[in-house]
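To start, the structure under review is shown below, and the notes come after it.
Below, each value reflects all heavy atoms present in this structure, side chains not excepted, and no hydrogens, waters or symmetry copies.
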Amino acid sequence: MTMESAKDQSTEAPATMSEVPPAHAPTASAGKPARGSQSLADRLFLSLRKDIVEGRIAAGSKISEPELARRFDASRGSLREALMRLESLSLIERRVNVGARVVDLTERGLLEIYDVREALEGMACRLAAENRSEDDLLELRRMLARHEQQEELKQGTAYYQPEGDFDFHFRIVQASHNDLLIDTLCNKLYYRVRMYRYQLGMASPRAHRAFREHSHIIEAIEAGDGELAEILMRRHIRASRSNIENKLSQQN
């Protein structure tokens, strides 16, 4: 089932988890090369990634290399490098005799991401509690204080997760200090998650509850209680999944 596009105002999501070049990619300047050092391939990659995540290049649509080369006045070599990086983020896929296409957004794909997130983000919480540093705890608290100022959250209508270091789930994974986990959730899956968030749109009555759940998870991490932190994150993601399933059933 292909999903309809909508505004990115999610209570949760398969996360505000994104990046590409370095293994520890996105921070607030997430996975983005310093401006002065950006190559044409870098600029193409960042522009196309944004267009795909936000739906300006539609899910399931065919990628025309000649058309993109003309649009960006780019060489085929730079374009192919950018497309390879997008493929590594699971934003495009190549099919025999078909070529490159933007991935489809499906209900099954979304729920599979939730399954993976529940297991791996639960683990990330446990490791974050075990490996916590004062800097990590300070950044988590600052992030939550910033979220608390959102007007939509105050009104209980939505809980928006900004990209990179200001995304609760992304920041928790970073705090795990486990390179493989960070690469999986903050590189390989992150923008696929953002794509679902942005285009499905998940304004929800769970906004206040989701924020409280985030607060409780951080409290468990601060206390060094990895077992509790993992349990709370798993429950949190299951509740978000249930909310999404209800939303999708109403649309059908």
Here the gap from Asp51 atom CG to Leu91 atom CG, rounded to the nearest 0.5 Å, amounts to 11.5 Å
Checking Arg142 against Leu138 for the side chain to side chain contact (heavy atoms under 4.5 Å, CB included) test, could you report, in this order, the C-alpha distance in whole Å, the side-chain angles of both residues, the deciding distance, and whether it holds? CA-CA 6 Å; Arg142 283 177 174 169; Leu138 180 60; 3.6 Å; yes
Flag yes if more than 12 heavy atoms outside Arg209 fall under 6.0 Å of its CZ atom; otherwise flag no. no
Are Glu139 and Gln174 packed together at the side-chain level, in the sense that at least one heavy-atom pair is separated by less than 4.5 angstrom? no
For Leu153 and His208, what are the C-alpha separation, side-chain angles and deciding distance, and is it a side chain to side chain contact (heavy atoms under 4.5 Å, CB included)? CA-CA 7 Å; Leu153 178 58; His208 284 154; 4.1 Å; yes
Ser240-Asn243 side chain donor-acceptor pair, cut-off 3.5 Å: no
Just verifying a value: how many Å separate Met84 CE and Arg94 CZ, rounded to the nearest 0.5 Å? 8.0 Å
Please tell me if the side chains of His177 and Asp136 come closer than 4.5 Å, counting only heavy atoms from C-beta onward. yes
Taking the side chain as every heavy atom from C-beta outward, state whether Asp179 and Asp183 have any pair of such atoms under 4.5 Å apart. no
For the atom pair CZ (Arg241) and CD (Glu245), what is the distance rounded to the nearest 0.5 Å? 4.5 Å
Look up atom CZ in Phe45 and atom NZ in Lys50, then write down how far apart they are to the nearest 0.5 Å. 13.0 Å
On a heavy-atom basis, which atom in Ser75 and which in Leu40 lie closest, and how many Å separate them? N-CD2, 4.3 Å
Can any side-chain N or O of Arg132 pair as donor or acceptor with the backbone N or O of Leu137 at less than 3.5 Å? no
Are the side chains of Glu121 and Ile172 in touch, meaning some heavy atoms are under 4.5 Å apart? no
Ser90 backbone acceptor or donor facing Tyr191 side chain under 3.5 Å: no
Mind jotting down which residue pairs meet the ring-ring contact (aromatic ring centres under 6.0 Å, His included) criterion with at least one end in residues 124-153? Sequence neighbours excluded, please. His147-Tyr159
How long is the span from the CG atom in Leu120 to the OG1 atom in Thr184, to the nearest 0.5 Å? 6.5 Å
Nearest heavy-atom neighbours spanning Ala239 and Arg206: CB-NH1, 3.5 Å
Determine, step by step, whether Ser249 and Asn246 satisfy the side chain to side chain donor-acceptor pair (under 3.5 Å) criterion, reporting the C-alpha distance in whole Å, the side-chain angles of both residues, the deciding distance to 0.1 Å, and the verdict. CA-CA 5 Å; Ser249 67; Asn246 289 338; 4.7 Å; no
Indicate the atoms forming the closest heavy-atom contact of Val173 with Cys186, along with that distance. CG1-SG, 3.6 Å
So, the side chain of Glu227 versus the backbone of Arg126: is there a donor-acceptor pair under 3.5 Å, distance only? no
Could you walk me through whether Glu87 and Leu83 pass the side chain to side chain contact (heavy atoms under 4.5 Å, CB included) check? CA-CA 6 Å; Glu87 188 175 9; Leu83 292 177; over 6 Å; no
Would you compute the distance between atom CD1 of Ile63 and atom CG of Leu68 and round it to the nearest 0.5 angstrom? 6.0 Å
Assigning hydrophobic clusters by single linkage (Ile, Leu, Val, Met, Phe, Trp, Tyr; side-chain heavy-atom cutoff under 4.5 Å), is Ile231 placed with Phe168? no
If you count the non-hydrogen atoms of other residues, nucleotides and ligands that lie under 6.0 Å from CD in Glu134, is the total more than 12? no
Are Met233 and His169 close enough that some pair of their side-chain heavy atoms sits under 4.5 Å apart? yes
Give the minimum heavy-atom separation between Ala59 and Val102, together with the two atoms involved. CA-CG1, 3.8 Å
Main-chain N/O of Glu93 paired to Arg101 side chain as donor or acceptor, under 3.5 Å: no
What are the two closest heavy atoms between Ala69 and Leu79, and how far apart are they? N-CD2, 3.8 Å
So which atom in Ala41 and which in Ser78 form the shortest heavy-atom distance, rounded to 0.1 Å? CB-O, 3.8 Å
Is there side-chain contact between His236 and His214, with at least one heavy-atom pair below 4.5 Å? yes
Step by step, would you call Lys154 with Glu151 a salt bridge (Lys or Arg N to Asp or Glu O under 4.0 Å)? CA-CA 5 Å; Lys154 291 177 180 178; Glu151 285 303 318; 3.6 Å; yes
Side-chain touch Glu112/Val116, heavy atoms, less than 4.5 angstrom: no
Show the numbers, then the answer: is there a side chain to side chain contact (heavy atoms under 4.5 Å, CB included) between Leu140 and Met143? CA-CA 5 Å; Leu140 287 170; Met143 174 194 62; 3.9 Å; yes
With the side chain counted from C-beta on, respond yes when Leu232 and Glu213 share a heavy-atom pair under 4.5 Å apart, and no when they do not. no
